Amino acid sequence: ENLHKRGLTEMPKFGFEPVTVPGAIKGWSALSKRFGRLPFESLFTDILSLARNGFPVGETTASYWAKAATSYKNVLKEDYFKHWFDTFLFDGLSPVAGQVITLLDHASTLEEIASTHGESFYSGALADQIDAFSRKHNGFIRKADLENYQVEWVEPISVHYKGYDVFELPPNGQGIVALEALGILSHLALDHLDGVLSIHHQIESLKLAFSDAFAYVSDPKSISLDLSNLLDPTYISSRASSIGFEAIPPHPGTPNRGGTVYFATADKDGNMVSFIQSNYMGFGSGLVVPHTGIALHNRGHNFSMVPNHPNCVQPHKRPYHTIIPGFLSKDNIPLGPFGVMGGFMQPQGHVQVLSSMIDFHLNPQAALDKPRFQWMKDLQVIVEPDFNKEVITELLKRGHQIQIEPELGQFGRGQIILRNPQSKVYTVGTEKRADGYIAAY
């Protein structure tokens, strides 16, 4: 109702409207309390040093930073956006690759988070600053919202794919897209790694899975459909049977009713973590709480404003979320974490990387390096410049609308760690499309 009073018919990208309660910091604290071996405060030592003493900006990061700065200068005109420019520009410019920068406001805020185990962000001084900033500019978020936030421990969802169990987090995230697509793909023929049949069936499987997610996925507490029905074997089989030679427009089925950072870690004892968090769309809402460095996210942008849609915006409701960490096991033995960042590319990256490893036996690095596609909407698909040209020609014959996209940032950025159950040796891979790297100790 308040959004309609502001003249909005769809969720905006920037400003206070798409800001929902940030959960990452309380998540850090909960993970540390349950699984951590080190004092919470000690986890911040290195990052505090970098923020105070400076760190060099990577090449890929500098490129995205510059694009954001150019875009924001054109669209973020209101006074409450000025704190973003004060925080993330240096002498009015975004940093270039190799430039050493300091983030002193971030350092102070991180120190406050460390010393209070995150409580300041939800019920203390930092919460007061977020509340004051929101009230001053007619935002919606209040200290009471932050105080009421609780971490939820959830059970992963999974599908069995050709001898492996693939795990994702349940909705409101879109991990169910990757799982449904893999389930559909398991019913379809694949020819070879770069074969047109393999690529065509991956695209069509993802297309159907996405159409279901866009129709049904939201906060599970707010909808009547048991979303596990999207992974029901009979339903999966029926979805697979609708795929033929030609590309088809996406359509949801009728199931039975009942800013992103990813990293994978592992240690000598076999403990492994698949972790992801995000402000969304680079720097999120464009809002920075004054003098804190806190850039508020804009995950609420993925809410619908269509009445009675499962994902329609409501108080105390979580929107459709794109961030999805993954995990792989075989015969009830954990193999390791994997993830691909990049908005709606994420489940598409999961399917492509997993198929490369499971169906065609590529190692993690080769699977990440393989050229990717991204289904965009309807029959539109973008591919990387080094995508197989003969396959592009064959996909066009099948009705796909293919466009070569030179911006590699469109195709996600991933990391993988796999543990050999017998030798206990780790095999790892990291993204060629980003500044990520493999760190061993």
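All values below were derived from every heavy atom in this structure, side-chain atoms included, with hydrogens, water molecules and symmetry-related copies excluded. Note that this is a predicted model, so its numbers are computed, not measured. Throughout, residue positions are numbered sequentially from 1 according to the sequence presented.
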Exercise for the section: Determine whether more than 12 heavy atoms belonging to other residues, nucleotides or ligands lie under 6.0 Å from atom NE2 of His291. Expected result: no

Problem - Ser120 and Glu112 side chains, donor-acceptor separation under 3.5 Å - result: yes

Practice task
For Ser115 and Glu111, indicate whether the former's side chain and the latter's backbone hold a donor-acceptor pair under 3.5 Å.
Solution key: yes

Handout entry: Residue pair Leu368 / Lys432, side-chain heavy-atom distance below 4.5 Å
Key = no

Practice task
Any chance you could lay out the side chain to side chain contact (heavy atoms under 4.5 Å, CB included) test for Ile248 and Glu204, step after step, and finish with the verdict?
Solution key: CA-CA 8 Å; Ile248 57 175; Glu204 295 301 286; 3.1 Å; yes

Exercise for the section: Specify the closest pair of heavy atoms between Ala367 and Met357, including all atoms of both residues, with the distance to one decimal. Expected result: CB-CG, 3.6 Å

Exercise for the section: Would you confirm whether the ring centroid of Phe133 sits within less than 6.0 angstrom of the ring centroid of Tyr80? Expected result: no

Practice task
Name all residues meeting the salt bridge (charged side-chain N to carboxylate O under 4.0 Å, His left out) criterion together with Arg34; count only those two or more places apart in sequence or in a different chain, and write none if there are none.
Solution key: none

Problem - Validation row: Ile402, Phe387 side chains within 4.5 angstrom (heavy atoms) - result: no

Practice task
May I ask you to check whether over 12 heavy atoms, not counting those of Asn74, lie within 6.0 Å of atom CG?
Solution key: yes

Handout entry: Arg433 and Thr60: side chain donor to acceptor below 3.5 Å
Key = no

Exercise for the section: Please report the C-alpha distance between Arg239 and Ser211 in whole Å, then the side-chain angles of each, then the deciding distance to 0.1 Å, and finally whether the side chain to side chain donor-acceptor pair (under 3.5 Å) criterion is met. Expected result: CA-CA 11 Å; Arg239 297 296 266 159; Ser211 64; 3.2 Å; yes

Handout entry: Minimum heavy-atom distance Ser94-Ala66, with the two atoms named
Key = OG-CA, 3.4 Å

Handout entry: Neighbour count above 12 (heavy atom, 6.0 Å) for Gln401 CD
Key = yes

Handout entry: Any side-chain heavy-atom pair of Leu287 and His137 under 4.5 Å
Key = no

Completion exercise
In this structure, CG of Leu103 is separated from OG1 of Thr87 (nearest 0.5 Å) by 8.5 Å

Problem - Over 12 foreign heavy atoms within 6.0 Å of CD, Glu59 - result: no

Practice task
Go through the steps for Glu407 and Lys67 under the test side chain to side chain contact (heavy atoms under 4.5 Å, CB included), then give the verdict.
Solution key: CA-CA 12 Å; Glu407 175 51 69; Lys67 290 177 182 177; 2.3 Å; yes

Practice task
Could you tell me the separation between the NE2 atom of His106 and the OG1 atom of Thr292, rounded to the nearest 0.5 Å?
Solution key: 7.5 Å

Exercise for the section: For this output row, return yes or no: ring centroids of Phe85 and Phe81 closer than 6.0 angstrom. Expected result: no

Handout entry: Asn148 side chain to Ala144 backbone, donor-acceptor under 3.5 Å
Key = yes

Problem - For the student: nearest non-hydrogen atoms of Thr265 and Pro337, plus distance - result: O-CG, 4.2 Å

Handout entry: Separation between CH2 of Trp28 and CD of Gln277, rounded to the nearest 0.5 Å
Key = 5.5 Å

Handout entry: 4.5 Å side-chain heavy-atom contact, Val21 and Leu146
Key = yes

Handout entry: Heavy-atom donor-acceptor pair, Asn279 side chain to Ala295 backbone, under 3.5 Å
Key = yes

Practice task
Examine Lys26 relative to Tyr149 and say whether NZ or CZ is less than 6.0 Å from the centre of the six-membered ring and inside a 45° cone about the ring axis.
Solution key: no

Fill in the blank from the handout: For Met345 and Phe373 the tightest heavy-atom approach is CE-O, 3.3 Å

Practice task
Using the ring pair (Phe, Tyr, Trp, His ring centres under 6.0 Å) rule, collect all pairs that involve residues 271-290, keeping only residues at least two apart or in two chains.
Solution key: Trp65-Phe283, Trp84-Phe283, Phe88-Phe283, Phe263-Phe275

Exercise for the section: Please report the shortest heavy-atom distance between Gly412 and Arg372, naming the atom on each side. Expected result: O-NH1, 3.2 Å

Fill in the blank from the handout: By side-chain contact (heavy atoms from CB on, under 4.5 Å), Leu3 pairs with (sequence neighbours left out) Leu8, Met11, Glu17, Phe140, Met305, Val313

Practice task
Could you tell me whether a side-chain N or O of Thr61 sits under 3.5 Å from a main-chain N or O of Val57, the two making a donor and an acceptor?
Solution key: no

Handout entry: Inter-residue atom distance Gln374.CD - Gln403.CD, 0.5 Å rounding
Key = 11.5 Å

Exercise for the section: Check the angle between the aromatic planes of Phe14 and Tyr72 and answer parallel, tilted or perpendicular using the 30° and 60° thresholds. Expected result: perpendicular

Handout entry: Beyond-backbone contact of Tyr426 with Arg419, side-chain heavy atoms, under 4.5 angstrom
Key = yes

Exercise for the section: Begin from the C-alpha positions of Asp212 and Tyr235 and carry the test side chain to side chain donor-acceptor pair (under 3.5 Å) through to its verdict. Expected result: CA-CA 11 Å; Asp212 280 343; Tyr235 179 68; 2.6 Å; yes

Practice task
Look only at the side chain of Asn302 and the backbone of His321, and say whether a donor-acceptor pair between them is shorter than 3.5 Å.
Solution key: no

Handout entry: Side-chain (Glu168) to main-chain (Leu179) donor-acceptor, under 3.5 angstrom
Key = no

Problem - Residue Lys317 excluded, over 12 heavy atoms near NZ under 6.0 Å - result: yes

Exercise for the section: Determine whether more than 12 heavy atoms belonging to other residues, nucleotides or ligands lie under 6.0 Å from atom NE2 of His316. Expected result: no

Practice task
Ignoring hydrogens and angles, state whether a donor on the side chain of His297 or Thr20 is under 3.5 Å from an acceptor on the partner side chain.
Solution key: yes

Problem - Residue among Gln352, His350, Gln346 satisfying side chain to side chain contact (heavy atoms under 4.5 Å, CB included) with Gln348 - result: Gln352

Exercise for the section: Say whether, by atom type as modelled, one donor and one acceptor occur between the side chain of Lys77 and the main chain of Lys73 under 3.5 angstrom. Expected result: yes

Handout entry: Pro325 backbone acceptor or donor facing Ser274 side chain under 3.5 Å
Key = no

Handout entry: Any donor-acceptor N/O pair, Asp331 side chain to Ile333 backbone, under 3.5 Å
Key = no

Handout entry: Flag for Asn311-Ser218: side-chain donor and acceptor within less than 3.5 Å
Key = yes

Practice task
Kindly say whether Gln380 contributes a backbone atom to a donor-acceptor pair with the side chain of Asp378 at under 3.5 angstrom?
Solution key: no

Handout entry: Point-to-point distance, once rounded to the nearest 0.5 Å, from CE of Met272 to CG of Asp267
Key = 9.0 Å

Problem - Side chains of Ser205 and Val351 in contact at under 4.5 Å (non-hydrogen atoms) - result: no

Problem - Approximate separation, where rounding is to 0.5 Å, of Leu362 CG and Leu354 CG - result: 12.0 Å

Practice task
Report the residue from Trp375, Phe214, Phe411 that forms a ring pair (Phe, Tyr, Trp, His ring centres under 6.0 Å) with Phe344.
Solution key: Phe214

Practice task
Given side chain to side chain contact (heavy atoms under 4.5 Å, CB included), test Lys162 with Asp359 step by step and report yes or no.
Solution key: CA-CA 8 Å; Lys162 301 182 180 179; Asp359 292 312; 2.7 Å; yes

Practice task
Kindly indicate whether the side chain of Met341, heavy atoms from C-beta on, has any atom under 4.5 Å from the side chain of Glu431.
Solution key: no

Practice task
Would you check, one step at a time, whether the test side chain to side chain contact (heavy atoms under 4.5 Å, CB included) holds for Ser32 with Leu43?
Solution key: CA-CA 9 Å; Ser32 179; Leu43 305 178; 4.1 Å; yes

Problem - Close side-chain approach of Leu328 and Val166, heavy atoms under 4.5 Å - result: yes

